[in-house]
Amino acid sequence: MTAATKTSSAEYIADIGLEVHVELATRSKMFCSCAVVDPTASAPNSAVCPVCCGMPGVLPVINRRAVELAIRAALALNCRVMETSIFARKNYFYPDLPKGYQISQYESPLAVDGYLLILTPQGEKHVTIRRAHLEEDTGKLTHAQEDGKSFSLVDLNRAGIPLLEIVSEPDMHSVEDVRAYSRELRLLLRWLGVSSGDMEKGSMRFEANLSMRPAESAELGTRVEIKNLNSFRAMEQAILYQMDAQRAALQAGKKVVQQTLGWDEAAGRTVAQRSKEDANDYRYFPEPDLPPLVVDQAWLEKIRADMPELPGAKRARYREAYRLSDEDIERLVEEKDTVIFFEACLAAAPELPSRSITNWLLTDLFAWLNLNSVGVSEIKISPRDFTELIASVENGAINPGTGKEVLAEMLEGGRNPREIIAEKGLEQISDGELISGLVAQILSEYPAETQSFRAGKETVANWLFGQVMRAAGGKANPQVVKTELMRQLRRE
Ligand SMILES: [Zn+2]
């Protein structure tokens with residue numbers, strides 16, 4: 001047996017880094033006043049002008065809002081925001097880039113040296129962010145075929161949309177790490193309103209670099225790059241595929257070839273792409289039409305002061321203050337709108353246990369939202385009405401089953417729970433005297449059963465309970481009935 005075949009798969013370590021391109025949620029493009037339009041709902045080339053079409057003689061102007069959003073992201077990623085950063089021309093020719101160059105940042109990016117804390121099955125990990133820089137998006141090509149001829153269609157609506165490229169160090173070592181990092185990053189960017197993070201519309205795109213090395217070696221192996229990963233699923237599958245392929249090559253004593261790959265979703269494998277030019281081939285040079293981007297201290301501090309509480313801090317606070325489970329906390333912080341609604345509920349009904357609010361929100365409200373494909377920000381009921389419903393169940397005015405029905409009706413019609421409960425006569429009878437009277441009445445109607453309970457046949461209590469509930473038209477608070485029935489049967 002050779003040394004290579006003895007090496008088990010666990011003895012290789014993967015080093016994975018991600019480059020994430022994020023479209024910033026601005027109304028207009030990075031260097032012109034063209035609107036940023038929904039790619040799925042707009043005619044091709046309907047949001048273009050001479051600047052983003054690359055006509056000669058035009059001048060780009062920096063979109064201040066794009067810079068602010070990028071800084072928000074950089075601060076949340078614990079980066080150092082540079083006082084001066086420089087836009088540079090990245091020269092290459094491709095039909096989706098009419099200027100013949102992309103305006104990006106190269107030697108002097110907007111932000112450097114950050115990190116993101118992620119939660120993996122092995123615990124909390126620290127992923128270093130090498131840099132985050134601004135650039136403009138390219139147009140989009142659609143390759144088509146008609147009458148046996150193939151051709152490409154160019155749509156420049158996307159050309160010039162502001163992008164933030166976030167580059168991590170190869171600090172991730174498993175697909176679980178990658179999953180945690182990419183999801184946490186998306187959560188953070190959506191949380192801050194920096195990007196929609198809508199991957200189906202291409203608002204967030206991934207590229208991975210990956211190499212493998214023997215566990216005992218500190219030196220990184222030969223790396224491959226995998227481009228155009230447009231969903232979490234594609235990214236995870238591509239990484240797993242490459243990890244297997246590289247491990248197999250190394251185990252067989254072969255070398256990994258440095259190359260650029262794409263992911264073929266249908267075939268379930270990575271495929272070699274035209275090898276990427278070196279940085280040299282892009283002939284980067286400072287963009288002569290734009291001044292250096294200066295972020296002074298006052299501007300930076302203003303943006304910092306406007307930052308909301310971040311998901312990490314929220315999680316810690318919910319754990320501490322409300323003793324919620326990690327799973328419930330994750331479901332709450334997944335969408336900022338949920339957090340806003342949850343906190344408004346807590347404020348509207350400080351006397352209610354936070355546990356009850358969480359349960360009703362994550363179970364019954366979420367079930368209705370999922371069923372109706374509605375977001376929490378779109379619901380017609382107020383946090384006050386929602387907590388009032390929960391309080392009605394908690395204090396026994398209605399039973400939990402009725403509570404669910406009332407909630408569904410509230411969500412459909414936007415009405416408050418008082419109206420619905422009163423109108424339908426759903427209120428439970430919890431009044432002690434009333435129930436006491438009902439119980440006494442039933443016991444006098446069924447003296448034989450009452451006697452048999454007192455003679456030791458305790459199961460008959462269930463039957464008597466049913467009689468009381470029936471006499472109350474099913475509206476009596478079962479807990480109160482049970483207590484009162486037992487009290488009278490035992491002559492307490
Ligand atoms: Zn334009």
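Only this structure's heavy atoms are used, side chains among them; waters, hydrogens and symmetry mates stay out. In each ligand, atom 1 is the first atom listed, and ligand 1 is the first ligand listed.
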Applying ring-ring contact (aromatic ring centres under 6.0 Å, His included) to F341 and not counting sequence neighbours gives F386
Shell of protein N/O/S atoms around the Zn ion (ligand 1), taken as anything under 2.8 Å: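 Protein N/O/S atoms under 2.8 Å of the Zn ion (ligand 1): C32 SG, C34 SG, C49 SG, C52 SG.
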Can you list every salt bridge (charged side-chain N to carboxylate O under 4.0 Å, His left out) pair that touches residues 261-270, not counting sequence neighbours?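 For residues 261-270: R233-E265.
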My understanding is that only residues two or more places apart in sequence, or in another chain, count here; which of them pass salt bridge (charged side-chain N to carboxylate O under 4.0 Å, His left out) with K254? none
Parallel, tilted or perpendicular: rings of Y284 and Y282 (30°, 60°):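 Y282 and Y284: perpendicular rings.
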Look at the rings of Y318 and F342 and say which category their plane angle falls in: under 30° parallel, 30 to 60° tilted, over 60° perpendicular. perpendicular
Under 3.5 Å, is there a donor-acceptor pair between the H21 and E19 side chains?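 There is no such pair (donor and acceptor under 3.5 Å, judged by atom type) between the side chains of H21 and E19.
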